Engineer: 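Questions regarding the structure given below will be posed in turn.
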Amino acid sequence: MKKKQLKIQTQAIHVGGEPDPSTGAIMPPIFQTSTYVQKSPGKHQGYEYTRSHNPTRSRLEQCLASLEQAQYSLVTSSGMAAITLILHALKHQSVILCGDDVYGGTNRLFSQVFQQTHQIHFVDTTHLGKLKAKIKETKPDVLWMESPTNPMLKISDIQKIAKECKKQKCLLVVDNTFMSPYLQRPLCLGADIVIHSLTKYLNGHSDVVGGAIMLNDKKLYERLWFLQNSIGPSLSPFDSWLVLRGLKTLGVRMKAHCANAINVANFLENHPRVTQVIYPGLKSHPQHALAKKQMDGFGGMISFYLKGGKKESLHFLKKLKIFSLAESLGGVESLIEHPAIMTHASVPKKQRELLGISDSFIRISVGIEDSEDLIADLSQALA
Ligand code: P1T
């Protein structure tokens with residue numbers, strides 16, 4: 001059966017997961033090797049050195065390309081490494097228009113590392129009119145966006161934005177980390193490149209740091225592979241294998257994250273100590289209708305505001321027993337964090353305040369434990 005005919009959960013298990021042809025092992029071997037023997041100089045079996053190619057990593061790339069419905073995929077040593085490779089592929093002084101609400105590390109990379117070689121502007125991508133005006137004003141080479149955004153969970157219309165980008169000959173890059181291909185496939189909506197932090201839902205077990213790039217343009221893929229090989233941020237064979245293993249349960253995990261998150265969001269929305277809950281699955285979310293249309297589920301991320309200030313927030317975080325206070329997201333265990341002090345501390349204070357990342361703002365990654373236990377934990381900490 002062709003892989004395109006398979007449903008996404010079947011692809012996650014079988015594409016790149018074929019039994020090992022030499023032994024019949026049902027699980028793919030970890031080719032934990034740095035180099036490969038050659039018959040004579042330059043005569044080899046397609047593998048010379050693991051920074052360049054590795055069979056375990058190739059299997060992962062095959063699976064990820066299939067899930068995002070892409071021709072090509074490259075996996076990297078972190079999500080930031082994936083973003084860095086793309087930035088290196090751009091011309092000197094390229095204009096990048098970036099969503100105003102992105103992961104703090106992405107904001108830091110754009111505004112404190114690549115600001116010397118590229119021109120960076122920020123824009124609210126949820127408002128198409130404002131976005132079109134900013135595109136006219138800045139004439140970007142690249143539009144970089146997240147949907148939902150980290151941490152405000154704003155949703156933007158990828159299909160409409162992609163149309164506008166095509167008109168303006170601007171490359172559209174979507175960071176799909178918060179959704180995973182199980183819930184959203186931006187290339188099918190017209191994006192040019194999709195990136196992921198593999199560290200999150202795709203691996204799903206909080207034991208790997210990795211990144212991925214998926215795209216259909218052969219020339220650009222070849223340039224990115226050249227940069228990966230030249231600069232060196234390839235994912236290790238063991239980490240590639242762990243992600244391949246994590247991917248097998250992507251479908252069941254994403255369903256459980258979504259089911260738990262709506263229960264937790266409803267609980268928080270009705271709690272007197274909570275002033276506002278942001279979750280794309282709630283009717284109160286400003287882009288709820290768009291989320292329903294664009295996504296196959298609302299995901300496992302929730303943000304909310306507590307009554308009070310920093311003191312109350314820190315007190316609440318200390319009282320939790322099942323939720324762990326930690327950066328990151330997308331693992332089977334529930335995590336909670338304070339974006340202003342943790343994941344988004346590198347975003348300038350003024351920009352944070354404009355976005356609403358205040359001291360009473362909390363972000364949750366809802367895991368796949370029993371939601372009754374999660375709600376009981378939140379309930380006792382809020383009390
Ligand atoms: O951590 P790393 O694998 O390098 O991925 C960076 C990254 C890229 N894009 C998005 C949307 C992200 O959320 C991240 C990492 N985010 C966190 C660590 C966090 O807690 O939000």
Side-chain angles (χ1 to χ4, degrees), residues 2-4 6 8-18 28 30-31 46-47 50-89 144 158 171-204 208-248 250-251 330:
K2 276 194 187 148
K3 67 182 184 191
K4 282 227 169 80
L6 298 173
I8 192 160
Q9 177 52 34
T10 316
Q11 291 176 35
I13 292 170
H14 291 287
V15 180
E18 298 80 6
I30 311 171
F31 285 91
Y47 297 97
T50 275
R51 172 163 31 77
S52 325
H53 291 109
N54 178 277
T56 314
R57 196 162 66 229
S58 300
R59 279 179 178 255
L60 173 60
E61 288 171 341
Q62 220 186 316
C63 185
L64 289 171
S66 173
L67 297 180
E68 285 287 4
Q69 299 191 26
Q71 295 289 323
Y72 308 102
S73 164
L74 261 176
V75 295
T76 56
S77 57
S78 69
M80 295 319 299
I83 300 174
T84 300
L85 280 186
I86 295 171
L87 294 179
H88 275 302
W144 194 286
I158 300 173
L171 205 69
L172 176 61
V173 184
V174 178
D175 183 333
N176 200 27
T177 298
F178 270 33
M179 285 279 94
S180 88
Y182 191 77
L183 299 179
Q184 177 172 276
R185 288 155 304 281
L187 293 179
C188 301
L189 299 170
D192 299 294
I193 302 181
V194 167
I195 72 125
H196 278 277
S197 167
L198 289 177
T199 319
K200 319 302 182 202
Y201 291 106
L202 289 174
N203 179 54
V208 168
V209 172
I213 304 172
M214 272 69 74
L215 71 169
N216 288 316
D217 183 323
K218 187 167 186 240
K219 244 173 109 181
L220 185 52
Y221 163 73
E222 284 169 351
R223 177 70 186 156
L224 288 166
W225 182 83
F226 171 82
L227 289 167
Q228 157 116 313
N229 191 36
S230 306
I231 299 169
S234 320
L235 193 67
S236 76
F238 184 54
D239 284 346
S240 300
W241 183 85
L242 281 172
V243 181
L244 265 172
R245 189 168 98 139
L247 278 174
K248 291 187 190 292
L250 181 70

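Worth knowing before you read on, the calculation uses all heavy atoms, side chains too, and leaves out hydrogens, waters and symmetry mates. In what follows, residues are counted from 1 in the order of the sequence shown. These numbers come from a predicted model, not from an experiment.
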Engineer: Is the shortest side-chain heavy-atom distance between Tyr221 and Ser73 below 4.5 Å?
Structural biologist: no
Engineer: Could you pull out the closest heavy-atom pair between Asn54 and Thr50, with the gap in Å?
Structural biologist: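 That would be ND2-OG1, 3.2 Å.
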Engineer: Ignoring hydrogens and angles, tell me if any N or O in the side chain of Trp241 forms a donor-acceptor pair with the backbone of Leu60 under 3.5 Å.
Structural biologist: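 Not confirmed, Trp241 side chain does not pair with Leu60 backbone.
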Engineer: Rounded at 0.5 Å granularity, tell me how far OH in Tyr72 sits from CG in Leu215.
Structural biologist: 8.5 Å
Engineer: I'd like to know if the side chain of Ser180 and the backbone of Leu202 have a donor-acceptor N/O pair within less than 3.5 Å.
Structural biologist: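 Such a contact is absent between Ser180 side chain and Leu202 backbone.
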Engineer: Which side-chain N or O atoms in residues 232-239 pair as donor and acceptor under 3.5 Å with protein atoms at least two apart or in another chain?
Structural biologist:
{"residue": "Ser234", "atom": "OG", "partner": "Arg51", "partner atom": "O", "Å": "2.8"}
{"residue": "Ser236", "atom": "OG", "partner": "Asp239", "partner atom": "N", "Å": "3.1"}

Engineer: Once rounded to the nearest 0.5 Å, what's the spacing between atom CZ of Phe226 and atom CG of Leu85?
Structural biologist: 12.0 Å
Engineer: Do you know which two heavy atoms are closest between Gln62 and Gly16, and how far apart they sit?
Structural biologist: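 Closest approach of Gln62 to Gly16, heavy atoms only: OE1-CA, 4.0 Å.
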Engineer: Please name the pair of heavy atoms, one in Arg57 and one in His53, separated by the smallest distance, quoted to 0.1 Å.
Structural biologist: NH2-N, 3.7 Å
Engineer: Give a yes or no answer on whether the side chain of Glu61 reaches the backbone of Val75 with a donor-acceptor pair at less than 3.5 Å.
Structural biologist: yes
Engineer: Roughly how far, to the nearest 0.5 Å, is CZ of Arg223 from CG of Asp217?
Structural biologist: 13.0 Å
Engineer: If you look at every heavy atom in Tyr47 and Ser58, which pair is closest and at what distance?
Structural biologist: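 Taking every non-hydrogen atom into account, OH-OG, 4.1 Å.
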Engineer: Between Ala82 and Ile213, which heavy-atom pair has the shortest distance, and what is it?
Structural biologist: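 Heavy atoms of Ala82 and Ile213 come nearest at O-CD1, 3.5 Å.
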Engineer: Pairs of donor and acceptor atoms involving the side chains of residues 182-198, under 3.5 Å and at least two apart or interchain, shall be tabulated with distances.
Structural biologist:
{"residue": "Gln184", "atom": "NE2", "partner": "Ser147", "partner atom": "O", "Å": "2.9"}
{"residue": "Gln184", "atom": "NE2", "partner": "Asn176", "partner atom": "OD1", "Å": "3.0"}
{"residue": "Arg185", "atom": "NH1", "partner": "Pro181", "partner atom": "O", "Å": "2.6"}
{"residue": "Arg185", "atom": "NH1", "partner": "Asp296", "partner atom": "OD2", "Å": "3.4"}
{"residue": "Arg185", "atom": "NH2", "partner": "Asp296", "partner atom": "OD2", "Å": "2.7"}
{"residue": "Asp192", "atom": "OD2", "partner": "Leu172", "partner atom": "N", "Å": "2.8"}
{"residue": "His196", "atom": "NE2", "partner": "Glu68", "partner atom": "OE2", "Å": "2.6"}
{"residue": "Ser197", "atom": "OG", "partner": "Thr199", "partner atom": "OG1", "Å": "3.1"}

Engineer: Is any side-chain heavy atom of Ile83 closer than 4.5 Å to one of Thr76?
Structural biologist: no
Engineer: State the CG-CD distance between Leu64 and Gln11, to the nearest 0.5 angstrom.
Structural biologist: 11.0 Å
Engineer: Minimum heavy-atom separation for His88 to Ile231, with atom names?
Structural biologist: CD2-CD1, 3.6 Å
Engineer: To the nearest 0.5 Å, what is the distance between CD on Glu222 and CG on Leu224?
Structural biologist: 10.5 Å
Engineer: Would you check if the side chain of Thr84 reaches a backbone N or O of Met80 as a donor-acceptor pair within less than 3.5 Å?
Structural biologist: yes
Engineer: May I ask you to decide if Phe31's main-chain N or O and Thr56's side chain share a donor-acceptor pair within less than 3.5 Å?
Structural biologist: yes
Engineer: Tell me if a side-chain donor or acceptor on Lys200 pairs with a main-chain N or O of Thr177 at a distance below 3.5 Å.
Structural biologist: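 Answer holds: no.
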Engineer: Within the 4.5 Å heavy-atom criterion, are Cys63 and Leu67 side-chain neighbours or not?
Structural biologist: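 Counting from C-beta outward, Cys63 and Leu67 do come under 4.5 Å.
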